[in-house]
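The structure appears right after this line, and notes come after that.
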Amino acid sequence: MEKYNFKKIEQKWQKYWEKNNFYRAQDFSKKPKYYCLIEFPYPSAEGLHVGHTRSYTAMDIIARKRRMQGYNVLNPIGWDAFGLPTENYAIKTGIHPKVVTKKNTDNYRRQLKSLGFSFDWSREINTTDPEYYKWTQWIFLQLYKKGLAYKKKMPINWCLSCKTGLANEEVIDGKCERCGGETEKREKEQWMLAITKYADRLLKDLDNIDYLEKIKVQQTNWIGKSEGATIKFQIINSKSQINSKSKISNSKQFIEVFTTRVDTIFGCTYLVVAPEHIIIKNLESRIKNLGEVEKYINQAKKKSDLQRTELVKEKTGVELKGVKAINPFNNEEVPIFVADYVLASYGTGAVMAVPAHDERDFEFAKKFNLLIEAVVMPITKGPTKIYSQPPDEKLHKIVKQDLKAEKWFDGIEKGEICYPDDGYLKKSGQFTGLTSEKARQEMTKWLEKSKLGKKTTQYKLRDWIFSRQHYWGEPIPIIYCRKCLEKSKIKNQKSKFDYDYIEIDGLEYMVIPVAEKDLPVELPEVKKYEPTDTGESPLANIKDWVNVKCPKCKGQAKRETDTMPNWAGSSWYYLAYLMRGISNFKFPISKYKKVFKYWTPVDWYNGGMEHTTLHLLYSRFWNKFLYDIKVVPTSEPYKKRTSHGMILGEDGEKMSKSRGNVVNPDDVVVNFGVDAFRLYQMFIGPFEQATPWDPRGIEGTKRFLGKIWDIQNRIMSHESGSMNKKIESLLHKTIKKVGDDIEEMGFNTAVSSLMIFINKCYECDDVPKNIWEKFLIILSPFAPHIAEELWEQLRRQTQTATQTNADSPRKSASSQYGSVSLEQWPKYNPKLIIEDIFELVIQINGRVRDIISVKKDISQKEAESIALSQEKIKNWLKGNKVKKVIFVPNRLINITI
RNA sequence: GGGCGAGUGGCGGAACGGUUUACGCGUACGACUCAAAAUCGUAUGGGCUUUGUCCCAUGUGGGUUCGAAUCCCACCUCGCCCACCA
C-alpha cells in the first residue's frame with residue numbers, strides 16, 4: 001500500500017472539485033437553502049494569515065455539513081479591496097491601486113484555493129470593480145433621495161498624517177485607527193448618513209435575531225439609548241446688570257438641558273454648557289467676561305480628543321458672568337458655566353449640574369467652590385434621619401445603624417460625599433418623599449404640563465460621517481451646478497427653496513444626484529494619489545473629471561470629489577453575491593428581487609468582535625433601509641451571528657508584521673498538508689477564545705491522519721465484516737458528539753472525539769467497512785481531501801470485487817466512484833449509544849473510594865448492596881454508622897457515615 | 001471609571017453539580033534500526049522517614065451542598081471592548 005501522500009491527494013481532489021463545479025450554489029433549487037457567510041478579506045500585500053483561515057475553516061466545516069444534510073448551500077467569497085494600505089502603497093510607489101489590488105487578490109485566491117475551502121468561486125466579487133461599486137453608489141443615491149444622506153458642516157476628526165476625515169469610530173484614544181497618528185478637530189462639509197433615524201429599530205430588532213449575547217450587549221451599549229427629559233432653563237441677566245438700568249430685553253431665551261435624573265433637579269446648583277454651544281454666541285452682548293470666555297473656548301477647541309481625555313482628572317471651566325439661569329422647578333437663579341467636560345455632540349450640549357448626585361459635577365463644584373445640595377438620600381443603608389413621610393413605609397427600614405453607615409449618610413447630607421444612586425427625595429417641594437423612580441415620572445409629567453420640558457430619548461449613536469478625502473474609494477455620485485440653482489431661484493420665491501443647495505467656497509450650488517443610467521461614476525486615472533494639504537480629495541486635482549456637464553441644464557457643473565469610507569462596500573456585499581449569480585450586476589434592481597427572496601437572510605454569519613459596532617451595525621442599517629424601500633424582503637440581513645477568537649503568535653501576543661510572529665498558512669501546508677492544517681486550527685483551542693499558535697501542535701493532527709490511513713489499509717487488506725459492538729457503539733457516540741459540537745462551534749472537542757474513535761480503531765484488528773465508511777463521512781468536513789481519497793479507494797475495491805470484467809469507462813479519474821461529500825450526514829442510533837454496563841462510582845462522604853462495573857439501570861437497592869459488599873467499602877465502614885445514602889442512577893452512590 | 005470574559009499539569013486545553021486533568025503537544029524509558037529520523041509501545045499533577053483502603057492540588061478567602069473546577073459572596077491577576085454620554 002502506498003503511504004499517505006498529502007500533496008498528491010490534495011491536488012487531485014481540489015482539481016476534481018473545481019472541474020465539476022462541486023460547490024456551486026443553485027439559485028432557486030427546491031432543496032432548502034442555507035446561506036453561510038464569512039467576512040470577506042481585505043487583500044493585503046502580506047497575504048492570508050492563520051487568523052483568517054481558522055474562521056474560514058470553521059464556516060467551511062459548517063457548509064460542508066449542511067450540504068451533507070441536504071441543503072442547497074451558498075458559501076461565497078470576495079474581496080473588500082478599497083482601503084488605505086493599498087492607497088499608501090500607491091503613493092509610495094506610484095503603482096496604480098488597481099494593479100496592486102489585482103496582485104494581492106490573485107495571491108489570496110491562490111492561497112484560499114490551496115486550502116480546500118468549499119467556496120462558490122463563480123460568485124467572486126470585488127468592491128473596487130466599477131460594476132460592483134455602481135451599486136454602492138446606487139444605494140447611496142437611494143439614501144439621498146429619502147433624505148438619509150445629507151451634507152453638513154461638521155467638526156470632524158482629522159488625521160494629520162493620513163490627511164483625511166475620520167468617523168468617531170475610527171479614532172481610538174484620540175489617535176487614527178489606521179496609522180496611529182495624531183488627530184485634531186476641523187470644520188468641514190461632510191456627507192452624513194442618518195443612521196440615528198434607525199437607532200430604535202436597530203436596538204429593538206436585536207430581540208428577534210440569534211446573535212451571541214455579548215454581541216447584542218455591545219451593540220446595545222453602542223446605540224446607548226437613555227430615557228430622560230429635556231428641561232428649559234430661562235436665561236436672565238444677573239441682578240447687578242438689571243440694576244444698571246438696561247432692562248431685561250423681553251425676548252425670552254432658554255437653555256435646554258438633557259438629563260436622565262430629573263429627580264435630582266432641586267439639587268441643581270449651576271448649569272454647564274459645552275464650549276461649542278450656540279448659546280454663547282447668542283448671549284455675547286450680555287456676557288460680561290466675554291474675553292475670558294472666548295479665550296477658554298479657543299483653548300478647548302485646540303485640544304484634541306486625546307488631550308481632553310488625558311485631562312480627565314482636572315476639570316476646567318469659566319463662569320458666564322452677567323447671566324443666570326432659572327430652575328423651572330423652584331425658580332431659583334443658578335450660575336452658568338462653560339466647560340469642556342460637557343460634550344457638544346451628546347444630548348443638548350448643556351447639562352444641569354447636580355454636584356451632590358453626579359461625580360463629574362461634584363468634582364467641578366469642589367474645584368470652583370460651588371454649592372452642593374443633597375436632595376436624594378439612600379434608602380437601604382442607615383438613614384438615621386427621616387426627612388419626610390415616604391409613600392412606602394418599607395423603604396425606610398433601617399438596615400444597619402453602624403457608625404460607618406451613619407457617617408456616610410451625614411457626609412452626603414453635608415455635601416462631602418457624592419451619592420449618584422437612586423433613593424428618595426428630600427427638599428424637593430411637592431415631590432419630597434417620592435422615590436427617584438416615581439419622582440422621575442411625576443416630574444416629567446409636571447414638565448410637560450407646564451410646557452417647560454418633555455420626556456426625551458437620547459442615543460449615544462451619532463450619524464455616520466460618510467465622506468473621505470481619498471483616492472481609493474467609491475466616488476460619491478453627486479454633481480453641483482450653479483446655473484440650475486440660479487434658475488430655480490428665479491422660478492421660486494426667494495425664501496422657499498424646494499431644492500437642495502450647498503455652499504462651497506462661498507458659492508452656492510444646486511445638488512444634483514447622478515442618474516442611475518450614468519452610474520457608475522468611475523474613478524479617474526490620476527498621477528498622484530496623495531491627499532492634498534487643503535483637505536480636499538486628490539480627485540479635486542483632476543480638472544477634466546471634476547468639471548462636468550450638468551445632466552439637467554447641460555451647463556458647467558462640478559463633481560463631488562469626496563469618496564466613501566471603507567464600510568460602504570461591505571455594508572451590502574451579502575447581496576452582491578446573489579446579484580453576481582443572476583445577472584452580473586446589470587440594472588435594474590427589480591431583476592434581483594426574486595433571488596433576494598430565495599437566499600436572504602444570511603443564515604449564519606461569523607466574524608470578528610472588532611466589527612460589532614462598525615461593519616455589523618452599518619450593514620444592519622443599510623439592510624433595514626433597503627427593506628423599507630422594498631428592495632430586500634427581510635428587515636435583518638443576518639439571522640445568526642457568531643464570533644471567533646484570535647489566533648495569537650507563538651509568544652502569546654497578537655500576530656503582527658512588526659512583531660514577526662505571523663504564521664503564513666502556505667508554509668504550514670507545505671510541511672504538513674491542508675488536512676492536518678485544517679484539523680489543527682480547529683483543535684488548537686475553543687473557537688471563541690484567543691489561543692496561541694503552537695508550531696509543534698500540528699504534529700499531532702498529522703499523526704492522526706497517518707493513523708487513519710493505516711487503519712484503512714488494514715481494512716482493505718483483509719476481508720473484514722464481523723460486527724464489533726464496541727466500535728459500533730463508539731461510532732454512534734462520535735456521530736452525535738461531532739454533529740452537536742459543530743452546531744455549537746465546539747470544534748476542538750469534535751476533533752478530539754474523532755481522535756478517540758481512531759485510537760480505539762487502532763487497537764482493534766477488525767474494523768467493519770460500513771462503520772469505517774460512516775467515520776469517513778463525519779471526518780470529511782474537517783479533512784475533506786483524505787476523506788475523499790479513502791472513500792474512493794474503498795468504493796473502488798468494492799466495485800471491482802462485485803463487477804469483475806467490467807470495463808468501467810474511464811472518464812474523469814475519480815468521478816465514477818462518487819464523492820464522500822455527496823453522501824448523507826449519518827444519523828446516530830440513540831439505542832446504540834446507551835451501554836448496558838456502566839462504572840458505578842462508590843463514594844464515602846463524597847470521596848471516591850471504589851469504582852466497579854455494573855449493569856445499566858440497576859435500582860438504588862441493588863447498587864447499595866453491591867456497594868456494601870465491596871471489600872474496600874466494608875473496610876471503610878468498619879465501626880461507622882451509615883447515615884445517609886445518595887444514589888444517582890447510572891452514575892454513583894454516595895454513602896455518608 | 002464602566003461593560004464583557006477568563007484564571008485547571010511543563011504547555012494548548014477537557015469536564016461546567018457527581019471518577020479533576022479527556023484529546024493533543026512535550027518529556028522519559030523501551031521496541032524497530034549499524035545509527036538517526038519516522039513509526040510503534042509504556043509511563044507522565046504534587047507530596048511522603050509512613051508507597052497507603054494515604055494526604056494535597058482547578059488564582060485567594062469564605063458560603064451553599066451528601067458532593068463544588070462548576071452555584072453564591074468578597075478579593076487578586078490577566079485579556080478584550082468602551083470611556084467625562086449628564
Side-chain angles (χ1 to χ4, degrees), chain A residues 3 169 172-173 212-215 217-218 220-222 224-226 228 257-261 264 272 308-309 311-313 315 339-343 345-354 357-361 363-364 420 458-462 609-610 612-613 645-646 648 652 654 679-680 683-686 688-701 703-704 706-707 710 746 748-756 758-759 762 839-851 870-878 883-888 891-897:
Chain A
K3 274 199 79 181
E169 294 90 319
I172 288 150
D173 286 334
L212 238 48
E213 199 50 39
K214 62 177 172 182
I215 296 175
V217 168
Q218 240 185 66
T220 304
N221 291 341
W222 189 261
K225 182 178 180 167
S226 53
V257 303
F258 171 73
T259 180
T260 54
R261 292 295 305 274
T264 62
V272 192
R308 278 206 191 180
T309 39
L311 294 171
V312 165
K313 285 157 214 146
K315 293 246 178 324
D340 65 2
Y341 80 89
V342 171
L343 304 176
S345 51
Y346 184 76
T348 59
V351 302
M352 62 175 218
V354 186
H357 304 297
D358 181 283
E359 302 273 7
R360 290 152 307 182
D361 298 341
E363 225 178 282
F364 190 85
Q458 279 291 341
Y459 298 94
K460 285 187 207 168
L461 188 70
R462 313 276 166 73
M609 264 329 260
E610 70 273 22
T612 304
T613 48
M646 256 185 297
L648 308 172
K654 210 168 168 172
L679 278 164
Y680 179 58
F683 186 59
I684 190 166
E688 279 175 43
Q689 224 172 273
T691 322
W693 180 264
D694 178 359
R696 283 172 309 200
I698 194 167
E699 300 274 0
T701 52
R703 279 176 205 152
F704 167 66
K707 276 188 190 175
D710 288 351
N748 54 335
T749 48
V751 173
S752 102
S753 64
L754 290 170
M755 285 172 167
I756 291 168
I758 284 305
N759 290 345
Y762 208 78
E839 307 268 277
L840 176 71
V841 174
I842 305 170
Q843 296 183 333
I844 288 169
N845 288 345
R847 319 199 58 156
V848 180
R849 294 304 177 190
D850 206 358
I851 300 167
Q870 298 302 306
E871 278 307 310
K872 281 185 186 176
I873 302 303
K874 275 187 196 163
N875 279 323
W876 276 103
L877 293 179
K878 238 175 236 168
K883 265 210 281 193
K884 197 173 169 187
V885 177
I886 286 121
F887 177 66
V888 183
R891 196 154 235 166
L892 63 75
I893 183 159
N894 185 12
I895 301 161
T896 28
I897 55 175

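Since the model is a prediction, treat every value here as computed from it, not as a measurement. In the text below, chain A, chain B and the rest are named by the order of the sequence lines, each starting its count at 1.
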request  = Could you say whether A:Met609 or A:Asn759 is positioned toward the 5' end of RNA chain B, judged by the nucleotide with the nearest heavy atom to each?
outcome  = A:Asn759
task = Report the residue (A:Asp358 or A:Ile756) whose heavy-atom-nearest nucleotide on RNA chain B is the more 5′ of the two.
result =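 This one resolves to A:Ile756.
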Looking across every strand, which nucleic acid part, if any, lies under 4.0 Å from [X] by heavy atom: base, sugar-phosphate, or nothing?
X	answer
A:Val888	base
A:Lys707	sugar-phosphate
A:Phe887	nothing

Short side-chain N/O contact from [X] to OP1 or OP2 of [N], under 4.0 Å:
X	N	answer
A:Arg849	B:rC54	yes
A:Arg703	B:rA38	no
A:Arg847	B:rC56	yes

message = I want to verify the glycosidic state of B:rG61; is it syn or anti under the 90° rule?
response =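 Here the answer is anti: the torsion falls beyond 90° from 0.
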Write down the atom of [X], the atom of [Y], and the distance for their closest heavy-atom approach.
X	Y	value
A:Pro686	A:Asn748	N-ND2, 3.5 Å
A:Pro420	A:Glu359	CG-OE2, 4.0 Å
A:Met755	A:Gly700	CE-O, 4.5 Å

Any strand is fair game: report the nucleotide pairing with [N] by Watson-Crick or G-U wobble, both distances under 3.5 Å, or none.
N	result
B:rA31	B:rU39
B:rC16	none
B:rG45	B:rC56
B:rG24	B:rC11
B:rG79	B:rC4

Starting from [atom2] on [N], measure out to [atom1] on [X] and report it in whole angstrom.
X	N	atom1	atom2	result
A:Trp222	B:rG3	CH2	C1'	13 Å
A:Glu699	B:rU39	CD	C1'	12 Å
A:Gln218	B:rA83	CD	P	11 Å
A:Ile851	B:rU19	CD1	P	9 Å
A:Lys225	B:rA86	NZ	P	14 Å
A:Lys460	B:rG3	NZ	P	11 Å
A:Lys315	B:rG1	NZ	C1'	11 Å
A:Ile758	B:rG24	CD1	P	11 Å

task = Mind checking the CD-CG spacing from A:Gln689 to A:Leu648? Nearest 0.5 Å is all I need.
result =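 A:Gln689 atom CD to A:Leu648 atom CG measures 10.5 Å (nearest 0.5 Å).
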message = Return the CG to OH distance between A:Asp694 and A:Tyr680, rounded to the nearest 0.5 Å.
response = 4.5 Å
message = Please evaluate residues A:Asn221 and A:Lys460 with respect to the criterion side-chain hydrogen bond (donor to acceptor under 3.5 Å, both in side chains), reporting the C-alpha separation (whole Å), side-chain torsions for both, the decisive distance (0.1 Å), and the verdict.
response = CA-CA 8 Å; A:Asn221 291 341; A:Lys460 285 187 207 168; over 6 Å; no
Could you go over nucleotides 4-13 of chain B and give all protein N or O partners under 3.5 Å, atom names and distances?
unit_1: B:rG12; atom_1: O2'; unit_2: A:Ile684; atom_2: O; d: 2.5

inquiry  = Could you check whether A:Asn894 and A:Lys884, counting side-chain N and O atoms only, form a donor-acceptor pair closer than 3.5 Å?
reply    =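 The criterion, which ignores hydrogens and geometry beyond distance, is not satisfied for A:Asn894 and A:Lys884.
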ask   = Is there a donor-acceptor pair under 3.5 Å between the side chain of A:Thr896 and the backbone N or O of A:Lys883?
value =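 No, because the side chain of A:Thr896 does not come within donor-acceptor range (under 3.5 Å) of the backbone of A:Lys883.
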request  = May I have the step-by-step check of side chain to side chain contact (heavy atoms under 4.5 Å, CB included) for A:Arg891 and A:Val841, ending in yes or no?
outcome  = CA-CA 6 Å; A:Arg891 196 154 235 166; A:Val841 174; over 6 Å; no
Polar pairs (N or O, both sides) under 3.5 Å between protein and nucleotides 62-67 of chain B?
unit_1: B:rC66; atom_1: OP1; unit_2: A:Lys884; atom_2: NZ; d: 3.4
unit_1: B:rC66; atom_1: O2; unit_2: A:Asn894; atom_2: ND2; d: 2.2

task = Let me see the working for A:Gln870 and A:Arg849 under side chain to side chain contact (heavy atoms under 4.5 Å, CB included), right down to the final yes or no.
result = CA-CA 10 Å; A:Gln870 298 302 306; A:Arg849 294 304 177 190; over 6 Å; no
inquiry  = From C-beta outward on A:Val342, which listed nucleotide comes closest to its side chain: B:rA86, B:rA14, B:rA83?
reply    =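 For A:Val342, the side-chain atoms sit closest to B:rA86.
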message = Let's see if you can work this out: which of B:rC23, B:rA86, B:rC84 has an atom nearest to the side-chain heavy atoms of A:Thr259?
response =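 The nucleotide sitting nearest to the side chain is B:rA86.
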